[in-house]
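What follows is a short report on a single structure.
Every chain is numbered from 1, with letters handed out A, B, ... down the list of sequences. Below, all heavy atoms of this structure are taken into account, side chains as well, without hydrogens, waters or symmetry copies.
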Amino acid sequence: MKNILAICEKELNSYFSSPIAYLAMAMFAILFGFFFWNSIGYFVSISVQSMAMGRSFPMDVNEMIIRPLLLNTSVIGLFLIPMIAMRLFAEEKRSGTIELLLTSPIHDAEIVIGKWLAALCLYAVLLLISLANIGFLFLYGKPDWQPLAAGYLGLLLQAGALLAIGAFISTLTKNQIIAGITTFAVCLLLWVFEWVGGYETAVWAKSLAYMSVVAHFEPFAKGVIDSKDAVYFLSLIFLGLFLSVRSLESLRWRS
Amino acid sequence: MIKVENLTKRYDNFVAVRSIDFEVEKGQIVGFLGPNGAGKTTTMRILTCFMPPSEGTASVAGFDVLTHPMDVKKRIGYLPETPPLYPEMEVSEYLTFVGKLKGIPSTDLARRVKEVEHRCAVTDVAGKLISKLSKGYRQRVGLAQAIIHNPEVLILDEPTSGLDPKQIHETRELIRSLAGEHTIILSTHILSEVEQTCDHVIIISKGAMVAKDSVANLTSRLRGQATIALEIEAATGSLESDEVIAKLSQVAGVNKVITVASRVGRHDFEVEAQAGHDIRADLARAVVSAGWNLNELRAAALSLEEVFLELTASEKAKGASE
Ligand SMILES: Nc1ncnc2c1ncn2[C@@H]1O[C@H](COP(=O)(O)OP(=O)(O)OP(=O)(O)O)[C@@H](O)[C@H]1O
Ligand SMILES: [Mg+2]
């Protein structure tokens with residue numbers, strides 16, 4: 001446990017002493033801000049219209065703003081997660097510091113979990129930025145906080161899963177850029193797999209669609225925490241971390 | 001303390017280390033000497049549990065590297081060929097991180113960091129970013145991280161490479177000062193480094209062990225066949241090198257004389273002495289009595305290459321006679 005924290009702390013330090021963390025934060029803030037104020041503007045114009053037409057049905061802030069916003073945030077994550085995950089192991093392999101980690105009295109799993117936790121923490125910091133925006137909704141409206149919490153849990157689970165996969169991919173190469181691009185491609189595939197479910201009902205299409213992160217994230221965005229979605233993300237996290245540990249082990253045998 | 005038996009390492013089909021055997025006693029400093037690609041780094045990486053051997057066994061303090069890697073890692077401090085530094089960290093921040101990895105209790109950590117900073121003379125740069133350090137300071141920080149947990153065994157891969165002469169001297173002093181409390185294996189290309197720092201030497205070439213001896217034995221064995229370099233010039237007129245060879249060959253204890261270089265009236269020779277003879281004074285007298293100028297006379301230091309030739313030749317001779 002102590003070792004995991006030591007690795008995690010070191011990794012967070014290097015995120016924040018390199019441009020990556022700030023770049024990710026800036027990109028996230030800009031994109032999220034755009035989506036946020038966009039949906040606020042849309043919401044306001046719809047409200048004004050319906051008031052002009054004399055109808056005063058209660059507008060649902062959760063349904064109209066928060067849900068689409070959560071879905072958009074998960075798309076932003078798709079682009080930022082490869083950026084966060086790519087350096088985890090590739091950089092250590094390139095600079096030779098992997099030799100320090102692998103010859104220290106710590107377990108490979110502790111290295112992997114520590115690094116993954118640090119990446120997840122950075123992503124959580126990004127989500128905090130988004131919460132600052134969402135705070136406005138609580139000032140002016142009365143959104144329901146429970147579905148919001150479920151949505152954020154979903155975002156964290158999704159990021160955890162994709163970061164674990166990214167960490168694994170990063171163990172395979174010395175080149176951060178290659179790791180980043182490959183992770184992005186894999187994330188994108190896990191995203192678009194859902195589309196085949198739209199026109200095909202064969203078993204292969206269904207299983208591909210099942211593998212899609214979108215299908216499992218959508219319920220969270222609606223505020224529904226379904227155990228089978230949680231299990232999906234948790235298994236992806238476990239798989240990614242497990243493969244990373246095995247890959248580190250085989251690195252010893254190969255190198 | 002360290003025991004290596006029949007150690008072999010293959011990369012795919014390439015044999016990098018071929019059935020090496022050696023033992024290192026507690027408190028010894030052993031030099032690992034060999035040219036590029038000899039397999040020094042590979043052997044060290046196996047000892048530090050960075051990679052497993054293909055065949056054979058290696059153990060440190062009685063713990064096998066394959067079956068008890070944690071126990072081995074706890075007892076080893078390792079300076080890899082390129083010091084494993086994080087450029088974005090400050091020196092003391094880095095040493096604190098390594099201390100945590102090595103399992104130093106948090107109550108001792110700050111004190112240990114201060115101690116090794118002092119010991120490796122990096123106290124003045126303790127607050128500097130590692131990316132801003134010169135090569136020599138990086139090497140010292142690398143050494144500091146290797147000794148931070150006061151390990152029983154130190155494995156140093158080319159600890160003096162890339163340093164200036166003053167720093168080389170200081171690093172050797174530092175390594176010597178670590179002897180006794182630690183068992184040390186260091187690798188190098190430089191023969192004189194082994195002479196100056198180590199008690200024992202293991203010479204490997206192309207993955208195979210060529211010699212394993214105490215430094216004192218090895219040097220006397222090699223010094224026995226010392227070679228003297230001479231530069232001789234005609235006092236007046238011209239001088240043929242054959243003339244000189246004929247004259248020098250008559251000196252007692254001379255084995256062989258060869259011409260290394262010839263210019264007009266001036267020649268460089270190498271004279272090989274028979275084992276156990278110091279022929280320098282006699283050579284000088286012979287040259288002067290012949291009326292030539294003796295411009296230079298020195299013991300030609302054996303280069304690493306020559307040591308290998310020497311050793312492999314004598315091994316072959318031994319093999320043939322057996
Ligand atoms: N990861 C690897 N894959 C394949 N071959 C390798 C690998 N690492 C080393 N080798 C080969 O194994 C041999 C021994 O290499 P090693 O690095 O142990 O030599 P060395 O004695 O440390 O040399 P140097 O003095 O240059 O550091 C070399 O021929 C090298 O090309
Ligand atoms: Mg080497």
If you count the non-hydrogen atoms of other residues, nucleotides and ligands that lie under 6.0 Å from NZ in Lys135(B), is the total more than 12?
yes

If contact means a heavy atom pair closer than 4.5 Å, which residues of residues 91-102 of chain B contact chain A?
Glu93(B), Tyr94(B), Phe97(B), Val98(B), Lys100(B), Leu101(B), Lys102(B)

Atom pair CD1/NZ of Ile106(A) and Lys74(B) - distance to nearest 0.5 Å:
12.5 Å

Does any backbone or side-chain atom of Glu110(A) lie under 4.5 Å from a heavy atom of chain B? Answer side chain, backbone, both or neither.
neither

Minimum heavy-atom distance between Ile98(A) and Phe50(B), given as atom pair plus value
O-CE1, 4.2 Å

I'd like to know whether CH2 of Trp37(A) has more than 12 heavy-atom contacts from other residues, nucleotides or ligands below 6.0 angstrom.
yes

Counting only non-hydrogen atoms closer than 4.5 Å, can you tell me which residues of residues 150-160 of chain A sit against chain B?
none

Got more than 12 heavy atoms from elsewhere within 6.0 Å of CZ, Arg246(A)?
no

Using side-chain contact (heavy atoms from CB on, under 4.5 Å) as the criterion, list what pairs up with Asn38(A), not counting sequence neighbours.
Phe34(A)

For chain A, which residues of residues 78-87 of chain B have heavy atoms nearer than 4.5 angstrom
Tyr78(B), Pro80(B), Pro84(B), Leu85(B), Tyr86(B)

Report which part of Ser14(A) has an atom under 4.5 Å of a heavy atom belonging to chain B: side chain, backbone, both, or neither.
both

Given side chains that start at C-beta, do those of Met89(B) and Asn13(A) come closer than 4.5 Å, heavy atoms only?
no

Interface moiety of Ile7(A) toward chain B, non-hydrogen atoms closer than 4.5 Å
both

Drop me the distance from Leu102(A)'s CG to Lys73(B)'s NZ, to the nearest 0.5 angstrom.
6.5 Å

Ignoring hydrogens and angles, tell me if any N or O in the side chain of Lys2(A) forms a donor-acceptor pair with the backbone of Gly103(B) under 3.5 Å.
no

So which part of Glu92(A) gets closer than 4.5 Å to some heavy atom of chain B, the side chain, the backbone, both or neither?
side chain

Within a radius of less than 6.0 Å around CZ of Arg172(B), do more than 12 heavy atoms belonging to other residues, nucleotides or ligands occur?
yes

